[in-house]
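Down below is the structure, laid out as structure tokens.
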Amino acid sequence: MSEKEDLAKQKAEAAAKAKAEALARKQAKEEAVEKPEGEMDIAKQKAEAAAKAKAAALARKQKKEEAVEKPEGEMDIAKQKAEAAAKAKAAALARKQKKEEAAEKPEGEMDIAKQKAEAAAKAKAAGLARKQEKEEAAEKPEGETDIAKQKAEAAAKAKAEALARKQAKAESAEKPEGEMDIAKQKAEAAAKAKAAALARKQAKEEAAEKPEGEMDKAKQKAAAAAKAKAAALARKQAKAESAEKLEGEMDIAKQKAAAAAAKSRTAVKESEEVNTPSELSPNQSKLDQIVSAIESHVGQGALLEHYINRLSKDVPTLVANPDTYFSIAKFLRYDEQLNFSYLSELHGTDFETHMEIYVHLHSFKMNQSVALKVKLDRDSPVIPSLVPLWSGANWPECEAYDLLGINFYEHPDLKRILLGEEWKGYPLRKDYQPYDVEV
């Protein structure tokens with residue numbers, strides 16, 4: 001058959017098809033004028049179904065004729081084009097029909113019809129995809145078939161997930177908050193079950209196609225993936241549950257953690273200070289002399305501990321009992337042999353578990369420095385003032401009061417010297433929170 005004859009045949013078929021469609025539309029209009037509304041809908045549907053069947057039969061006939069006349073390569077291309085055209089035409093017809101039905105139906109029926117149409121379109125698309133997959137699998141070698149199968153499964157899974165998300169959003173927009181939560185939980189459970197079933201199915205198919213060695217590896221990978229997924233889900237659930245806990249329980253947990261951390265830091269710091277190497281410090285003899293003098297004049301239980309602080313130039317360090325703090329300081333100040341007449345430093349520190357006062361003294365007579373420390377209750381840090389013994393303790397004690405809230409009783413003029421009396425809180429405390437966060 002020549003090209004001119006093919007062209008004439010195609011034109012004649014197109015004209016016949018257009019004429020048949022025009023005749024069908026005209027007949028449908030005439031019947032619609034004569035029939036009531038209920039019969040019109042039925043007649044319209046019948047006419048559309050008949051037109052669709054006629055168009056499909058004509059397309060199949062044309063396809064067969066072209067297949068007889070064309071070589072194999074051209075047949076495949078024509079087949080693909082015809083399938084694409086038929087698919088596009090069916091989709092357009094479905095959209096048109098959906099719009100017409102939506103315009104004629106109330107809202108409740110529209111929702112049902114919409115759901116039915118979506119389900120039908122989904123089933124049709126799935127059937128078409130399966131059919132196409134089978135045809136491609138029949139034409140491809142085994143290796144390419146597996147790849148195509150995996151791609152098709154991934155595409156179907158992605159499409160199903162997208163459709164599920166879209167449906168969940170649509171349902172959530174129409175439901176109250178309580179129903180939304182239940183629907184969300186059901187959707188999550190359904191998605192999880194579907195994913196698990198798909199994974200099991202895929203694992204079975206792969207197991208049927210693989211030898212024993214590869215099956216074991218695949219099984220191990222699947223188990224590892226499932227384990228990782230379960231662990232991620234558990235972490236996500238744990239985070240969600242922790243976000244829903246009562247504020248009081250979270251505060252208690254936070255306080256306990258902070259206290260434990262502070263205790264750990266304090267223990268490490270004190271162990272570093274107390275830990276001494278095997279060599280004796282050059283100040284050890286002076287420390288022994290000072291400790292002996294204090295125990296003789298103040299009492300055996302006056303000191304809680306004493307050591308050489310290797311981290312601070314081997315300074316002899318005395319840790320006093322809060323009840324004997326002032327007595328020890330007075331003895332160090334006025335004893336003729338010791339005569340620590342110069343107070344070079346006084347400051348406070350918040351260790352979170354307790355407060356601590358550190359006093360650095362120097363004796364010009366002994367040419368020796370000594371550190372005096374005392375630990376205080378953090379909730380009510382109260383200690384005698386050293387201003388009656390060293391006037392240089394005046395402002396350092398005011399500073400410790402101002403920034404840490406340590407109260408030095410019998411101080412001649414204890415006041416806030418940096419922040420003012422109206423200031424809320426004590427900035428050097430570890431749990432300090434500004435009263436006005438914008439300042």
Run the side-chain contact (heavy atoms from CB on, under 4.5 Å) test against [X] and tell me which residues pass, sequence neighbours left out.
| X | answer |
| --- | --- |
| D413 | K415 |
| K313 | none |
| E410 | none |
| V382 | N407, Y409 |

Decide yes or no for F408 and I357: does some side-chain heavy atom of the first lie under 4.5 Å from some side-chain heavy atom of the second? yes
- Item | Side-chain heavy-atom pair L361, W390 within 4.5 angstrom cut-off | yes
*asked:* Working note: N321 + T324, criterion side chain to side chain donor-acceptor pair (under 3.5 Å); need CA distance, chi angles, decisive distance, verdict.
replied: CA-CA 5 Å; N321 191 314; T324 59; 4.9 Å; no
Using every non-hydrogen atom in the two residues, find where [X] and [Y] come nearest and quote the distance to one decimal.
| X | Y | result |
| --- | --- | --- |
| K373 | Y307 | NZ-OH, 3.4 Å |
| G405 | P381 | O-CG, 3.7 Å |
| L386 | Y325 | CD1-OH, 3.0 Å |

Hits for salt bridge (charged side-chain N to carboxylate O under 4.0 Å, His left out) against D431, two or more places apart or cross-chain, chain-then-number order -> R378
Salt bridge (charged side-chain N to carboxylate O under 4.0 Å, His left out) filter on R429, not counting sequence neighbours, yields none
In terms of heavy-atom contacts, does NZ of K54 have more than 12 from other residues, nucleotides or ligands at under 6.0 Å? no
Sorted by chain and residue number, the ring-ring contact (aromatic ring centres under 6.0 Å, His included) partners of F364 (sequence neighbours excluded) come out as H362
Please identify each residue that fulfils side-chain hydrogen bond (donor to acceptor under 3.5 Å, both in side chains) with [X], with sequence neighbours left out.
| X | answer |
| --- | --- |
| D379 | none |
| S363 | none |
| H306 | none |

Exactly one of V359, L304, V370 clears side-chain contact (heavy atoms from CB on, under 4.5 Å) with L318, and that residue is V370
From the list L280, T317, N283, side-chain contact (heavy atoms from CB on, under 4.5 Å) with I308 holds only for N283
Taking distance alone, no hydrogens or angles, what donor-acceptor pairs closer than 3.5 Å link side-chain atoms of residues 330-338 to residues at least two apart or in another chain?
| from | atom 1 | to | atom 2 | distance (Å) |
| --- | --- | --- | --- | --- |
| R333 | NE | L389 | O | 3.3 |
| D335 | OD2 | Q337 | N | 3.1 |
| D335 | OD2 | L338 | N | 3.0 |

Here the side-chain hydrogen bond (donor to acceptor under 3.5 Å, both in side chains) pairs for residues 295-304, sequence neighbours left out, are none
